[in-house]
Novice: 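Following this message is one structure expressed as structure tokens.
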Number of protein chains: 2
Amino acid sequence: MTIIDRKLREKQEMRSAILEAAKDLFAEDGFQNVSIRKIAEKIEYSPATIYLYFKDKDAILFDLHNEGFRKLFTHQRDRAKVKDPVQRLRGLLEGYLEFALDEPEYYDLMFMLFTPLPKVIKTAEWRFGRRAFRMLTKTVSECQALGLFKGTRTEAAALGLWSSVHGLASLLIRQRASMLPDNEQVAFAREALDMFNGHLLALPA
Amino acid sequence: MTIIDRKLREKQEMRSAILEAAKDLFAEDGFQNVSIRKIAEKIEYSPATIYLYFKDKDAILFDLHNEGFRKLFTHQRDRAKVKDPVQRLRGLLEGYLEFALDEPEYYDLMFMLFTPLPKVIKTAEWRFGRRAFRMLTKTVSECQALGLFKGTRTEAAALGLWSSVHGLASLLIRQRASMLPDNEQVAFAREALDMFNGHLLALPA
DNA sequence: ACCTTTAGTAAACAGTGTTCAGAAAGCCGT
DNA sequence: ACGGCTTTCTGAACACTGTTTACTAAAGGT
């Protein structure tokens, strides 16, 4: 009993080691520039070994992708508990942007990377994304009960709000906002988000 | 005179042929999956020949990138002429989203692709992006003169508006909005944009 | 006709993801 | 302690990738 127990644990440890190495290399060199061989070298095993633990390179990606969502949920946990839905929504949006800027590598791979991920996202595996979106729609729906987002379907409003912060995050991460001075981009992004919050989350008098 | 004229023309024709082939293949298979060899095969030349006309693969990318901006400017030309700045801004935002959804391949490579493009964007070569952003800030500034976007710096407001439509476009293109039914995603995106237009572009009474 | 410049290419280099036959190691029953 | 069995690992190969270099073939100028 203990022996196959240990084997299982070792198998899990190997998986973790690979993921850890992949994550570190990714943070340094960007995902495209991390090869299986480099990961193998880092964990001091042969490249072929990695394929005993992961179907292919995208499987590693997908595991990191899920870890990213776990991080995001942890990051947003407290904000999600706020009673007042308007304050909660505001906090969630600000927290989301914060997460994106704090963990650009994870954010990139969760919401911006191409690769075969889109195919996976279409499947049932894509639990986390749906869960996160449901959390948002629920809050938006509560806000609508208070009179916000009138004349807009809940899903459309949720998509719009999400898009705004995602837009800010992705333009900054992919360096498309370089017409603005480097050291001010984040400040401008925060100010833009404040603008949204001010106009969209203003309760009708 | 005519002879070096012809040589120059032939050189230009070759460049165009490469770009055309690259663009077609890109639209079919996605940029990452187009190899120099495939482009070479399509134009019936050896792979090495391509390097006589382009420094490297990214140079091809950058040319297509510029062509994309030309397309975008053409697309937005009429909308940019509208007198009323609020109506103009509304039109520009809607036109931008329309462009992104009509030409997802170009949009992808202009605003979402990673690669060494970000490095290039930092340089003076990045004329088009700055020009497009200036056009937007100018319109936003005129809107502010009418009382819109109070308490927000012009650049922040412009960044925010741009981010909103970019967010919608990029989530749809990278298939991150798949929690919404496929055939409704575009409708939801349009509705979200209408929501922004309604709330942000509502003139103070 | 000869020489120079240009255009094009085959072959190679170093890298990639992935597979597979076979070596090495660990576990088990005797 | 020893074979035999199973799991774990790897070297080598395959088919790709972007890119460079030495070379050939053609065209232009004189």
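Note: hydrogens, waters and symmetry copies are ignored here, and every other heavy atom, side chains too, is used. Residue numbers begin at 1 in each chain, while the letters A, B, ... track the order of the sequences.
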Novice: Both A:Asp56 and B:Ile50 contact DNA chain C. Taking the nearest nucleotide for each, which residue is further toward the 5' end?
Specialist: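 Looking at the nearest nucleotide for each, B:Ile50 comes out on the 5' side.
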Novice: Choose from C:dG8, C:dG17, D:dC9 the nucleotide whose nearest atom is closest to any side-chain atom of B:Tyr45.
Specialist: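 Nearest to the side-chain atoms of B:Tyr45, counting from C-beta on, is C:dG8.
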Novice: Mapping B:Thr49 and A:Asn33 onto DNA chain C by nearest heavy atom, which one lands closer to the 5' end?
Specialist: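 It is B:Thr49 whose nearest nucleotide is closer to the 5' end.
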Novice: From D:dT10, C:dA7, D:dG18, pick the nucleotide closest to the side chain of A:Ser46?
Specialist: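 Within the option list, the nearest is D:dT10.
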Novice: Give one of base, sugar-phosphate or nothing for A:Tyr53, where a contact means two heavy atoms less than 4.0 Å apart.
Specialist: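 Sugar-phosphate contact only - A:Tyr53 comes under 4.0 Å of backbone atoms but never of a base.
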Novice: How close or far is atom C1' of C:dG17 from atom CG of A:Asp58, stated in whole angstroms?
Specialist: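 Rounded to whole Å, this separation is 10 Å.
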Novice: Choose from C:dG8, D:dT8, C:dT16 the nucleotide whose nearest atom is closest to any side-chain atom of A:Lys38.
Specialist: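 The answer is C:dT16.
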Novice: Which whole-number value in Å describes the distance from A:Gln12 CD to D:dT8 P?
Specialist: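 A:Gln12 atom CD is separated from D:dT8 atom P by 13 Å.
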Novice: What is the separation between atom CG on A:Leu61 and atom P on C:dG17, rounded to the nearest whole Å?
Specialist: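 Those two atoms, CG and P, are 12 Å apart.
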Novice: Given 3.5 Å as the limit, does a donor-acceptor pair link the side chain of A:Glu191 with the main chain of B:Ala157, or not?
Specialist: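 No.
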Novice: Where the side chain of A:Tyr51 is concerned, which of D:dG18, C:dT19, D:dC9 is the nearest nucleotide?
Specialist: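 Closest nucleotide to the A:Tyr51 side chain: C:dT19.
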Novice: Please state how far atom CD1 in B:Ile36 lies from atom P in C:dA10, giving the value in whole angstrom units.
Specialist: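 Nearest whole value for this atom pair: 16 Å.
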Novice: Between A:Glu10 (CD) and C:dG26 (P), how many Å, whole number?
Specialist: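 About 10 Å, once rounded to whole Å.
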Novice: List the residues meeting side-chain contact (heavy atoms from CB on, under 4.5 Å) with B:Asp63, not counting sequence neighbours, and say none if there are none.
Specialist: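 In terms of side-chain contact (heavy atoms from CB on, under 4.5 Å), with neighbours along the sequence ignored, B:Asp63 is linked to B:Arg15, B:Leu19, B:Phe54.
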Novice: Could you state the atom-to-atom distance from CZ of A:Arg15 to P of D:dT8 in whole Å?
Specialist: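 So the CZ-P distance, A:Arg15 to D:dT8, works out to 14 Å.
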Novice: Tell me the interatomic distance from B:Gln32, atom CD, to D:dC16, atom C1', rounded to whole angstroms.
Specialist: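 For the pair B:Gln32 CD and D:dC16 C1', the rounded distance is 15 Å.
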Novice: Can you figure out which of D:dT17, C:dC20, D:dC9 approaches the side chain of A:Ala48 most closely?
Specialist: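 The answer is C:dC20, which lies nearest to the side chain.
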Novice: Would you please say whether a donor-acceptor pair under 3.5 Å links the side chains of A:Thr137 and A:Glu155?
Specialist: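 Note: A:Thr137 and A:Glu155 side chains miss the donor-acceptor criterion.
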Novice: Can we say B:Glu20 and B:Lys23 salt-bridge, meaning some charged N sits less than 4.0 Å from an Asp/Glu carboxylate O?
Specialist: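 Between B:Lys23 and B:Glu20 there is a salt bridge, with a charged N closer than 4.0 Å to a carboxylate O.
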Novice: Choosing from D:dG18, C:dA7, C:dT16, which nucleotide comes nearest the side chain of A:Ser35?
Specialist: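 It is C:dT16.
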Novice: Side chains of A:Gln76 and A:Arg79: is there a donor and an acceptor less than 3.5 Å apart?
Specialist: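 The answer is yes; a qualifying pair exists.
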Novice: Using OP1 and OP2 only, check whether a side-chain N or O of B:Lys57 sits under 4.0 Å from D:dT17.
Specialist: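 Checking D:dT17 against B:Lys57, no side-chain N or O comes under 4.0 Å of OP1 or OP2.
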Novice: Between B:Val34 and A:Glu44, which is nearer to the 5' end of DNA chain D once each is assigned its nearest nucleotide?
Specialist: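 Counting from the 5' end, the first nearest nucleotide belongs to A:Glu44.
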Novice: Has the side chain of B:Arg37 got a donor or acceptor that lies under 3.5 Å from a partner of the other kind on the base of D:dG18?
Specialist: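 Such a pair exists between side chain and base.
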Novice: Expressed in angstrom and rounded to an integer, what is the separation of A:Ile39 atom CD1 from C:dG17 atom C1'?
Specialist: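 Rounded to whole Å, this separation is 11 Å.
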